[in-house]
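Presented below is the structure to which this report refers.
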Amino acid sequence: MSERTLVLIKPDGVARGLVGEVVARIERRGLKLVALELKNVADDLAAKHYAEHEGKPFYQSLLDFITSGPLVAAVVEGPRAVGAFRQIAGGTDPVDKAAPGSIRGDFALEVQENIVHGSDSAESAAREIELWFPGLS
Ligand code: DAT
Ligand code: MG
């Protein structure tokens with residue numbers, strides 16, 4: 001059974017020229033792009049996207065980072081797409097949690113500047129896809 005997930009290539013990934021690299025890894029795994037857009041993110045979209053982290057010490061810094069430059073938002077589809085992309089991305093902390101061979105394990109050193117976002121569940125994916133690509137069929 002196919003599912004969808006929301007992927008962001010965050011401003012650090014775009015600035016470092018890693019869009020093609022990330023897209024290649026998604027496609028190589030067999031996942032399909034069903035939407036893809038380069039965007040400058042408004043404060044209110046950033047706040048809605050990261051609403052679960054409101055009140056945490058890193059929240060404001062996270063919003064400043066995600067709105068700091070263009071990012072790429074994408075909807076990715078395939079069997080177990082949510083888990084498959086989280087696996088490709090690697091754990092949140094690029095050094096302590098992301099394995100070498102994952103996007104974060106190969107390209108990142110800091111927790112905040114960790115290149116990509118992927119939805120963490122089917123429910124989060126549905127919410128995030130509606131936020132970033134309203135009305136996508
Ligand atoms: P993930 O992006 O792996 O789903 P998350 O949802 O827990 O991780 O956190 C969202 C983002 O917030 C994460 O990609 C980087 C940042 N972040 C998380 N924990 C952090 C921390 N302790 N210090 C600084 N930034 C953090
Ligand atoms: Mg998350």
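Remember, it's 1-based here, ligands and their atoms both numbered in the order they're listed. We number each residue from 1, following the sequence as shown.
Residues Leu62 and Asp64 are not in side-chain contact: their nearest non-hydrogen atoms beyond the backbone lie 4.5 Å or more apart. Looking at heavy atoms from C-beta onward, Val116 lies in side-chain contact with Arg104 at the 4.5 angstrom threshold.
With Ser119 contributing its side chain and Leu6 its backbone, the two residues share a donor-acceptor pair below 3.5 Å.
Listed by chain and residue number, the protein contacts of ligand 1 are Lys10, Tyr50, His53, Phe58, Leu62, Arg86, Thr92, Arg104, Val111, Asn114 (heavy atom within 4.0 angstrom).
With Val75 as the partner, the side chain to side chain contact (heavy atoms under 4.5 Å, CB included) test is satisfied by one option alone out of Val7, Ile129, Leu33, Leu36: Ile129.
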Using the side-chain hydrogen bond (donor to acceptor under 3.5 Å, both in side chains) rule, take Gln112 and Ser61 through it: C-alpha gap first, then chi angles, then the decisive distance, then the call.
-> CA-CA 8 Å; Gln112 180 171 273; Ser61 169; 2.5 Å; yes
Under 3.5 Å, which donor-acceptor pairs link side chains of residues 8-24 to any protein atom two or more places apart or in another chain?
from, atom 1, to, atom 2, distance (Å)
Lys10, NZ, Asn114, OD1, 2.7
Asp12, OD2, Asn114, N, 3.4
Asp12, OD2, Ile115, N, 3.1
Arg16, NH1, Phe107, O, 2.7
Arg16, NH2, Phe107, O, 3.0
Glu21, OE2, Arg25, NE, 2.8
Glu21, OE2, Arg25, NH2, 3.3

